[in-house]
Amino acid sequence: MLPYYLSIPLGLVTAALCYPFLMRYFLYYQLSAYRLKELKTAVSRRGSLDPARAALLSVACFVGMFICTYGGKAGSWGVFSYLLFPASAALEYGLYKKGNKVKLKYTARFKRLLALFFLFTGLFCVLLALPASAALPAVSLLGLSPLTAAPLGFLAAHGISSLFENARNQAFIDRAAATLKDRKDVLKIGITGSAGKTTAKNVLTAMLSQKYRVTATEGNYNTPMGIALTVNNRLKREDRVFVAEMGARYIGDIYDLCRIVRPCYGFYTNIGLQHAETFGGAAAVREAKYELAQNLMPGGAAFFNGDNKGCRELYQRFQGKKYRYGKDPDNDARYKNVAMSEQGTAFDLILAGQAVRIQTPLLGEFIPATVTGCALLAHTLGISAEQIKRAAAALKPIAHRLQLLYNGTDVIIDDAYNGNAEGASAALRVLGGFSGRIKVIVTPGLVELGAAQRAANRSLGREIAGRCDHMIVLGPNADDLIAGAKSAGCQEARIHLVKRVEEAGAVLAAIS
């Protein structure tokens, strides 16, 4: 029987080895903003661990720990069996390193969580490794596998960490909300939509900066903590405009953001199916986005994209002061005569009865509408047509959002951050407009669409077949992308399935 003094190190080693086995789940947890309900969605979407590996680990741990604890002279065989556990953990670590493009970020919060995980998992593993006794018979019987201890340790760490982190974060958010409430000299603007929020924020900031001192949320920060970080760290006394990007995954998220920002103006880029999986459907997406218009400060106004069906529905529903922008003549601001090239996008902007030719380096079908909407809001705040034209010409593409890159004579359209059906279709139409070149797409397909995901990826595959010479696909949506492409007549030789992004480079080299 395993001596008590060996039970403790065995349990602690087991706790340490649980971590590499669970690294991918910690990654999903971190990407889910440390929320269990989003972790559950992420795990179900990406698939669980391979059952054979999980079975190997469970059997190895059961045999090893059981023999170590109860095997007497056979305990050495238990130690040998137990060695299968670190071997399995090493295998899982290798698969994590190869299979995940995004890696864990060891932030201060994650380090605190990890310390709690090791503490609780170690405690549970020590208890499970202790030999049976009259005092601990039930506990020792739980020692079927460290997989029993690791989830318990994770849940305990999550519970304790959440209490501390949520209180700490809320204090930080409350400080930002109090600052914005007191700064009555600052005009607050909220931007939301299923796609294009960061682009609209950058365009609007550039236009308003022609007259005002503007601070906007950094990068694609669009959560309470992201907004609070910008306010607490970057909002200056001389600032007169604050522009906040507002994201949402659940109904109530934008309401919470509005309580922080207290926006006077609300800007809608579009309403689509992005994050429909967490919202629970298209109707819930529209309801969540409508929270911005519902929570504008008195005297405020909302700006809606007239080219988008979802935005038109919200425009009709909203009873406050409102504006609409788009290509149709009945909009408050509109665009026409669009031309796209490798130099960017050009179009005629019709604003307050005046026509001005806009030339911007930004690329994409949605750019004319986005620039037109931002111009309308900026003009409402006193920015002239000439200032708008100058700001548009000086805009710079956002990394990974229809960004033009060059590799020798090859032109690369980097749209890696796009994850919605409308944006993917728009990007394909842009790609189709480049004549005289071999057109290749590298894509994992569309995600977070819930029940609509398979149909959306089959539709995307059909569109790819009509606009691209070659398609390189990877990830769990590959089968649907390929099925869609084949249904549209795409030949087998034009379809390339790879396991990792790195393999796409070799395929591209062979094509060119």
Side-chain angles (χ1 to χ4, degrees), residues 176-177 180-181 183-184 186-205 207-208 212 214-217 220-224 226-227 230-231 240-272 274-275 279 284-326 331-333 366 369-383:
L180 289 174
K181 182 178 180 180
R183 290 294 303 273
K184 294 180 173 55
V186 174
L187 184 67
K188 295 96 174 178
I189 301 171
I191 297 177
T192 194
S194 297
K197 296 183 292 293
T198 302
T199 299
K201 177 192 66 183
N202 291 351
V203 172
L204 182 60
T205 298
M207 291 179 179
L208 293 176
Y212 304 99
V214 183
T215 288
T217 48
N220 59 350
Y221 285 0
N222 55 29
T223 63
I227 291 175
T230 303
V231 173
R240 291 297 174 265
V241 178
F242 177 66
V243 182
E245 181 179 334
M246 295 184 171
R249 288 177 177 268
Y250 299 92
I251 290 178
D253 283 354
I254 291 180
Y255 170 76
D256 291 338
L257 296 176
C258 287
R259 291 179 61 191
I260 302 169
V261 178
R262 301 167 64 85
C264 185
Y265 292 96
F267 186 91
Y268 285 86
T269 58
N270 57 58
I271 308 294
Q274 186 68 357
H275 302 312
F279 280 117
V285 174
R286 291 193 297 273
E287 197 65 33
K289 300 300 183 182
Y290 190 58
E291 291 172 358
L292 174 57
Q294 286 179 306
N295 292 281
L296 295 176
M297 298 301 291
F303 294 75
F304 298 89
N305 183 355
D307 292 345
N308 177 259
K309 179 182 178 182
C311 285
R312 291 196 300 271
E313 291 179 3
L314 296 189
Y315 175 85
Q316 294 296 330
R317 181 178 173 185
F318 184 57
Q319 298 302 311
K321 190 175 182 180
K322 56 189 176 182
Y323 299 89
R324 193 171 62 179
Y325 62 91
N331 289 311
D332 297 288
F366 63 92
T370 299
V371 173
T372 297
C374 292
L376 177 59
L377 201 165
H379 189 265
T380 303
L381 298 179
I383 308 299

Check: residues 372-381 side-chain donor-acceptor pairs under 3.5 Å, at least two apart:
unit_1	atom_1	unit_2	atom_2	d
Thr372	OG1	Pro368	O	2.6
Thr380	OG1	Leu376	O	2.8

Run the side-chain contact (heavy atoms from CB on, under 4.5 Å) check on Ile227 and Phe242 step by step: do they pass?
-> CA-CA 10 Å; Ile227 291 175; Phe242 177 66; 4.1 Å; yes
Show the numbers, then the answer: is there a side-chain contact (heavy atoms from CB on, under 4.5 Å) between Thr269 and Ile191?
-> CA-CA 8 Å; Thr269 58; Ile191 297 177; 4.2 Å; yes
Please assess Asn222 against Thr217 for the test side-chain contact (heavy atoms from CB on, under 4.5 Å), listing each intermediate value before the final yes or no.
-> CA-CA 7 Å; Asn222 55 29; Thr217 48; over 6 Å; no
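Closest non-hydrogen pair, Ser194 versus Val285, comes out as OG-CG1, 4.1 Å. Nearest heavy-atom pair, Phe318 versus Ala293, reported as atom, atom and distance to 0.1 Å: CE1-O, 3.4 Å. Nearest heavy-atom pair across Ile254 and Ala248 is CG1-CB, 3.7 Å. Heavy-atom minimum distance, Arg324 versus Asn331: NE-OD1, 2.9 Å.
Residues forming a ring pair (Phe, Tyr, Trp, His ring centres under 6.0 Å) with Tyr212 (at least two apart in sequence, or on another chain): none. Asp256 pairs by the side chain to side chain contact (heavy atoms under 4.5 Å, CB included) definition with Arg259, not counting sequence neighbours. Shown here are the side-chain hydrogen bond (donor to acceptor under 3.5 Å, both in side chains) partners of Thr215, two or more places apart in sequence or in another chain: Asp239.
If you take CZ on Arg262 and CG on Asn295, they are separated by 11.0 Å, rounding to the nearest 0.5 Å.
Considering only heavy atoms from C-beta on, Tyr315 stays 4.5 Å or farther from Asn305 through its side chain. Looking at Asp253 and Leu257, their side chains never come closer than 4.5 Å, going by heavy atoms from C-beta outward. Between Ile189 and Tyr265 the shortest side-chain heavy-atom distance falls below 4.5 Å. The closest side-chain heavy-atom distance from Lys322 to Asp332 is not below 4.5 Å. When side chains are defined from C-beta on, Met246 counts as touching Cys258, because their heavy atoms get closer than 4.5 Å.
Between Tyr325 and Phe267, the ring planes are parallel. Angles under 30° get that label, and only those over 60° would be called perpendicular.
Sequence neighbours left out, the pairs with a member in residues 290-316 that pass salt bridge (charged side-chain N to carboxylate O under 4.0 Å, His left out) are Arg286-Glu313. Within the structure, salt bridge (charged side-chain N to carboxylate O under 4.0 Å, His left out) contacts touching residues 187-202 (residues at least two apart or in different chains) are Lys201-Glu245.
Tyr221 OH: 12 or fewer foreign heavy atoms inside a 6.0 Å radius.
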